Amino acid sequence: METEKVVSESEELPKTIVRRVVKDKLHDCSPDTDISVHKDALVAFSESARIFIHYVSATANDICKESKRQTINGDDVLKAIEEIDFPELIGPLRASLDEFRQKNAGKRLAASKSKEEKKKQKVDEEPSEKSGKSKKDKGNKENDE
């Protein structure tokens, strides 16, 4: 008798993304051959990836707890991958993580500059306590005289 494990929808990986990843990889391996993938193979890929994610998550969580932290970071995931004996993935994963961090650092820098500019504008536009005019208006009045 077969037992069928039912996975909740919230745990399922998006089928279109799994299909795209599999097809892209197959195309990279055999660019001149169009390989089709049967539906049950896609389900197997999806389930394998889901189980792998659970396994890496649990291992990264253990690493995080050992460090007496409550938030898993990218380095915890890299250590988990290494701990579960997939050292060949460390190089590509570290490169992706570094690229992500560089992009994110650029976004954070731009956001903080924008925030500072808005803060400065707000200070310049606030009315002065004595005259009821903003610093900007005062500067314009002095220029007019």
Side-chain angles (χ1 to χ4, degrees), residues 1-140:
M1 181 194 250
E2 283 184 42
T3 59
E4 189 174 316
K5 184 179 177 187
V6 179
V7 178
S8 72
E9 263 187 54
S10 64
E11 288 189 0
E12 281 184 18
L13 296 175
K15 290 177 178 77
T16 55
I17 293 174
V18 173
R19 180 182 292 112
R20 187 179 327 129
V21 169
V22 170
K23 288 249 184 198
D24 287 351
K25 186 59 183 175
L26 290 174
H27 180 72
D28 290 348
C29 293
S30 306
D32 43 328
T33 308
D34 187 27
I35 299 174
S36 57
V37 181
H38 199 271
K39 187 178 179 180
D40 66 342
L42 286 174
V43 170
F45 279 121
S46 182
E47 185 63 9
S48 299
R50 188 187 68 75
I51 290 169
F52 183 75
I53 290 168
H54 278 249
Y55 190 41
V56 172
S57 299
T59 307
N61 187 45
D62 291 343
I63 290 167
C64 186
K65 283 182 178 178
E66 287 171 9
S67 300
K68 296 180 179 160
R69 291 180 286 110
Q70 293 183 342
T71 303
I72 297 171
N73 62 38
D75 292 327
D76 295 330
V77 175
L78 290 172
K79 287 176 191 169
I81 295 285
E82 195 168 13
E83 197 171 292
I84 62 173
D85 293 327
F86 284 96
E88 66 277 7
L89 298 179
I90 298 298
L93 288 172
R94 187 171 304 283
S96 293
L97 185 59
D98 289 344
E99 183 180 331
F100 170 79
R101 286 175 175 164
Q102 286 176 349
K103 285 180 182 177
N104 206 28
K107 287 179 183 177
R108 264 190 267 134
L109 182 63
S112 68
K113 281 184 180 180
S114 174
K115 204 176 203 180
E116 284 177 27
E117 288 173 8
K118 286 180 183 178
K119 201 178 210 181
K120 189 175 180 181
Q121 274 183 337
K122 190 174 182 180
V123 169
D124 286 346
E125 292 174 0
E126 284 180 359
S128 141
E129 290 177 24
K130 293 180 182 176
S131 67
K133 292 187 179 183
S134 70
K135 290 179 183 178
K136 201 175 193 179
D137 291 339
K138 276 186 173 182
N140 289 341

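Fair warning: this is a prediction, and the values are worked out from it, not measured in the lab.
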Output, in order, the C-alpha distance, side-chain angles, deciding distance and verdict of side chain to side chain contact (heavy atoms under 4.5 Å, CB included) for L13 and I53.
CA-CA 10 Å; L13 296 175; I53 290 168; 4.1 Å; yes
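- Atom CZ of F100 is surrounded by 12 or fewer heavy atoms from other residues, nucleotides or ligands within 6.0 Å.
- The neighbour count for Q70 CD, taken as heavy atoms of other residues, nucleotides or ligands under 6.0 Å away, does not exceed 12.
- Between A80 and A60 the shortest heavy-atom distance is CB-N, 3.6 Å.
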As a quick check of understanding, evaluate side chain to side chain contact (heavy atoms under 4.5 Å, CB included) for I63 and I72, giving each step before the final call.
CA-CA 8 Å; I63 290 167; I72 297 171; over 6 Å; no
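- Checked against a 6.0 Å centroid threshold, the rings of Y55 and F86 do not count as neighbours.
- To the nearest 0.5 Å, atom CD of residue E82 and atom CZ of residue R94 are 8.0 Å apart.
- Within the 4.5 Å cutoff, no side-chain heavy atoms of T33 are placed close to those of L26.
- Summarising the geometry, atom CG belonging to D34 is positioned 5.5 Å from atom NZ belonging to K23; distances are rounded to the nearest 0.5 Å.
- Annotation: the span from H27 atom NE2 to D32 atom CG amounts to 9.0 Å, rounded to 0.5 Å.
- In this structure, E47 pairs ionically with R50, as a charged nitrogen and a carboxylate oxygen lie closer than 4.0 Å.
- In this structure the side chain of R69 reaches within 4.5 angstrom of the side chain of D76, judged on heavy atoms.
- The distance from the CG atom of L78 to the CD atom of E83 is 12.5 Å, given to the nearest 0.5 Å.
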